[in-house]
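Here the structure is laid out as structure tokens; the discussion comes afterwards.
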2 protein chains.
Amino acid sequence: MQRLTTTSYVILGLLALRRWSTYELAQQMRRTIPYYWPRAESHIYEEPRKLVDHGLATAKREFVGRRPRTVYAITDKGRRALKRWLGKPGRGPLVEFEGLVKVLFAEQGTKEQLLTTLRSIGAEAERTRQHHAALAAELAGTGGPFPERLHVNALVFKFMWEQAEMLARWTAWAEQEVARWPKDVSKPREPKVVTVLREAATFAS
Amino acid sequence: MQRLTTTSYVILGLLALRRWSTYELAQQMRRTIPYYWPRAESHIYEEPRKLVDHGLATAKREFVGRRPRTVYAITDKGRRALKRWLGKPGRGPLVEFEGLVKVLFAEQGTKEQLLTTLRSIGAEAERTRQHHAALAAELAGTGGPFPERLHVNALVFKFMWEQAEMLARWTAWAEQEVARWPKDVSKPREPKVVTVLREAATFAS
DNA sequence: ATATAACACTCCCATCGGGAGTATTATTCA
DNA sequence: TGAATAATACTCCCGATGGGAGTGTTATAT
């Protein structure tokens, strides 16, 4: 029997709200959760089965015409397991950022390449902000599918929003700084950018 | 022959700076890079071999007493490959944040559990800030192992710093908001927290 | 009437996280 | 000086994951 992962508990948490078919769960996982718990859709289908194996959920086979689907529901044991899990501290954010790796080695390329990298990150940040703003508009307007959960959603949303804002600010700042650098980005003299290190260093204990 | 991943290019980028033994590469990958490109140490040993297979690096077997070690160096083909890679846009940040999942389902648990979750995230954010501040002090003081790369390092550092600051701010804010909620966190009436949604919604196009 | 999108999955391979294990050399501290 | 411990230098392996391809059915758009 496979062990339960954070993804299992995400599914269990969703099942605590209502019953879902696996397809609906996969849909829901695509809406907002990928911004802090991204998982491949193909594997979402495995998770509820694990929950059933552990007695945390039940599966019911239903039909839409001749097409079958499986609808899952949480059990009492499932609710208890979820509550226990909520009591254990969760891991802090883990960031994976390929664009930043390209910035790190930027002096091996051209100034144009670096600016292109920064602009593409900036464009993505802008798209994310738009996405989040639209989501906020929907939640603030209709209350979303679970209006009684608006307060916890707002906590989570705030993180997503601040993350997107931070990225946009950082990109704009970096573009501006790099614009000041000479054409050969491997040899800037006295770059102003280094002041960020001195500022951060003052916080060292 | 295995295909090159972002991790391969991280190693290639490090090799562009100087020759390293695999152990040194693994060490270096632990210093700052895990904050934006975390990879398991055990796999770092495989990457340089891939680079050699592709002709982007050469391996040299050396000895420290009777203990052998492999030292890798970049080739001209490797430098060209790195430059080409720098020209292609990199993926934006991907965030994985288990703690936030616990916040999302917090109304299934107790107020105490939620506050504990937030406090543990806050504590981790503080540790990260301390780590970054110490790193900044070192870089600003000695210039670090590659003083000629201080300017690109500063760009990357700024992102790490802002990320840590943002997390600390978010946690402090969330703790304060939750403190205002009633004991039964599933039923706060008119939570002030929802204003963040209204504010963000004004940015929707 | 037909094409396309949404629904409802399954299968599979390469990648990755992470722990355990092996052996040698350097450092610390009693 | 000797023993313990840390650092160096890896290898092996299992289970979790990303992500693409594939199969068939039902609803919607044109």
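The structure displayed is predicted, hence computed values, not measured ones. Proteins come first, then strands; the chains are lettered A, B, ... in the order of their sequence lines, and each starts at number 1.
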Rounded to the nearest Å, what distance is computed from the [atom1] atom of residue [X] to the [atom2] atom of nucleotide [N]?
X	N	atom1	atom2	value
A:Tyr45	D:dG20	OH	P	16 Å
B:Ile44	C:dC16	CD1	P	10 Å
B:Arg91	D:dG19	CZ	C1'	12 Å
B:Glu41	D:dT8	CD	C1'	11 Å
A:Arg69	C:dT10	CZ	C1'	18 Å
B:Tyr9	C:dT15	OH	P	13 Å
B:Arg3	D:dG18	CZ	P	15 Å
B:Ile33	C:dC16	CD1	P	15 Å

[X] side chain near [N] phosphate (N/O to OP1/OP2, under 4.0 Å):
X	N	result
B:Arg67	D:dC10	no
A:Tyr23	C:dA8	no
B:Gln27	D:dT8	yes
A:Thr70	C:dA8	no
A:Ser42	D:dG19	no
B:Thr22	D:dC10	yes

Pick base, sugar-phosphate or nothing for A:Gln2, based on heavy-atom distances below 4.0 Å to the nucleic acid.
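Contact class for A:Gln2: sugar-phosphate only.
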Within the 4.0 Å heavy-atom criterion, would you say A:Arg49 contacts the bases, only the backbone, or no part of the nucleic acid?
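Answer is sugar-phosphate: A:Arg49 comes under 4.0 Å of backbone atoms only.
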Starting from the 5' end of DNA chain D, give me the residue, B:Glu24 or B:Glu96, whose nearest nucleotide shows up first.
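On the 5' side of the pair lies B:Glu24.
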Between A:Trp37 and B:Ser21, which is nearer to the 5' end of DNA chain D once each is assigned its nearest nucleotide?
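It is B:Ser21, whose closest nucleotide lies nearer the 5' terminus.
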5' precedence on DNA chain C between B:Glu47 and B:Pro68 (nearest-nucleotide basis)
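Nearest nucleotide further toward 5': that of B:Glu47.
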Quick one: do the A:Trp37 and A:Thr7 side chains pair a donor with an acceptor below 3.5 Å?
yes
Distance check, rounded to the nearest 0.5 Å: B:Gln2 atom CD versus B:Glu47 atom CD?
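Answer for the CD-CD pair, B:Gln2 versus B:Glu47, is 8.0 Å.
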Let's see if you can work this out: which of [options] has an atom nearest to the side-chain heavy atoms of [X]?
X	options	answer
B:Val64	D:dA27, D:dA9, C:dG17	D:dA9
B:Arg66	C:dG18, C:dT24, C:dA8	C:dT24
B:Thr7	C:dC9, D:dG19, C:dC16	C:dC16

Could a donor-acceptor pair under 3.5 angstrom be found where the side chain of B:Arg39 meets the base of C:dC16?
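When only heavy-atom distances are counted, B:Arg39 does not reach the base of C:dC16 through any donor-acceptor pair under 3.5 Å.
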Cation-pi between B:Lys111 and B:Trp181: NZ/CZ under 6.0 Å from ring centre and within 45° of the ring axis?
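No, cation not above the ring by the 6.0 Å, 45° rule.
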Is there ring stacking between B:His43 and C:dT15, where the centres must be under 5.5 angstrom apart and the planes under 30 degrees?
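Base of C:dT15: not stacked against B:His43.
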Decide yes or no on ring-ring contact (aromatic ring centres under 6.0 Å, His included) for A:Phe159 and A:Tyr35, but give the supporting numbers first.
CA-CA 10 Å; A:Phe159 176 83; A:Tyr35 287 98; over 10 Å; no
Ring geometry between B:Phe203 and A:Trp161 (parallel below 30°, tilted from 30 to 60°, perpendicular above 60°)
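It falls in the tilted class, 30° to 60°.
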Check the angle between the aromatic planes of B:Tyr9 and B:Trp85 and answer parallel, tilted or perpendicular using the 30° and 60° thresholds.
parallel
